[in-house]
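Working notes, structure below.
Naming convention: chains lettered A, B, ... in sequence-line order (proteins, then strands); numbering from 1 in each chain.
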Amino acid sequence: MNPYRLALALGGAAATAAIAFGAVFANGSNLVAETERRAQAARDMAGGEGVELSFTTRQGWLTRHPTLSGGAGLDDKTRARVAQAIADTPGVGGVTWQARGIRSRAFTARDDRPDATHCQSDVEAILRTRSIRFARSSAAIDPASLALLDEVVAALKPCVGSIIAVTGHTNKSGVEAANIILSRARADAVRRALISRGIPAEGLRTAGLGSAKPVEGLDPEDPANRRIDFSVIEKVRLIPTPIDTPGSG
Amino acid sequence: MPLWFEMLVLMLLTYAAGLGIGWAIFTRGV
């Protein structure tokens, strides 16, 4: 075959693939959402109470082939009727019932993970109007801030198991090296206070940044830059592989 | 089956069919 024509044909195939991806990217979620709405209506009409529809594949891609789960209280006849009604919905490609076992385990593992960003926004809300205060040029927490720490601990408790980063900041005054040491010492003081209030030590990380990161929109010299930031970093769950699991061999 | 895969297969098949028909017309004058 003429190499020029071959290149032309392959180029056309690549362009076609690009259009296919573009179309799915641009309108796929609308299409699936609309199909899902109609399928849910069909499920309700067929009396499939408690049956959940999932329009994503195991890898998380959108699909026209929903996976059905739940509806354990329904008898087989009703389940079959519900599945048929959903499969008959225009746009739905076909249905499968979710198998028990590995797949449902994967779902629960995802669902019971603590919502790390939720904890962080709670802590930020607490610290928006008040801040943890320290004695001047010292890492000793002001006794007036202890109640505030209790609130922070209460907000962080649901995220135990995640990595919580405690970062100390100072304003730009004096020697920067001393600022870094002081901000680090203050972050460590907060870390000790969190541990003494029941947050596990292994999830806590501290850092002192000195005056390197002032509050956005504030003058670096402003004393309001002296602060402690908390960030909750979601922890990736370790799923033991056969090598990690103590085995018979 | 992911939506993008269905779309890709469908469009590539359509493209290949079009290419085949076009080729037949231009080479053989169907």
Side-chain angles (χ1 to χ4, degrees), chain A residues 1-39 53-68 86-87 89-99 103 106, chain B:
Chain A
M1 198 181 191
N2 183 335
Y4 171 71
R5 285 191 185 161
L6 184 67
L8 206 63
L10 289 179
T16 308
I19 293 169
F21 280 121
V24 170
F25 184 74
N27 210 33
S29 53
N30 281 340
L31 179 82
V32 171
E34 174 67 14
T35 309
E36 185 167 7
R37 202 182 52 73
R38 270 185 291 192
L53 293 163
S54 166
F55 278 79
T56 48
T57 63
R58 210 191 303 185
Q59 290 79 21
W61 301 108
L62 290 173
T63 179
R64 300 188 302 116
H65 306 255
T67 309
L68 311 186
I86 293 168
T89 310
V92 172
V95 297
T96 38
W97 283 98
Q98 183 183 313
R103 200 153 170 191
Chain B
M1 200 193 310
L3 192 63
W4 64 261
F5 184 74
E6 284 187 80
M7 192 70 158
L8 187 70
V9 169
L10 203 71
M11 287 196 62
L12 282 180
L13 282 177
T14 312
Y15 171 76
L19 209 64
I21 292 169
W23 180 75
I25 289 174
F26 283 108
T27 55
R28 310 200 177 156
V30 178

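One distance of note links OG1 of Thr56(A) with CG of Leu3(B); it measures 12.0 Å at 0.5 Å rounding.
Most heavy-atom pairs under 4.5 Å with chain B: of the set Gly93(A), Ala13(A), Gly94(A), this distinction falls to Ala13(A).
Residues passing the side chain to side chain contact (heavy atoms under 4.5 Å, CB included) test with Phe21(A), sequence neighbours excluded: Trp4(B), Leu8(B). Remark: Arg38(A) pairs with no residue by the side-chain hydrogen bond (donor to acceptor under 3.5 Å, both in side chains) rule, at least two apart or across chains.
Within residues 28-36 of chain A, the residues having any heavy atom under 4.5 Å from a heavy atom of chain B are, by residue number, Gly28(A), Leu31(A), Val32(A). Chain A is approached within less than 4.5 Å, heavy atom to heavy atom, by Met11(B), Leu12(B), Tyr15(B) from residues 9-17 of chain B, ordered by number.
Here the shortest heavy-atom pairing between Met1(B) and His65(A) reads O-CD2, 3.9 Å. When all heavy atoms of Ala23(A) and Met7(B) are compared, the pair lying nearest together is CB-CE, 3.5 Å.
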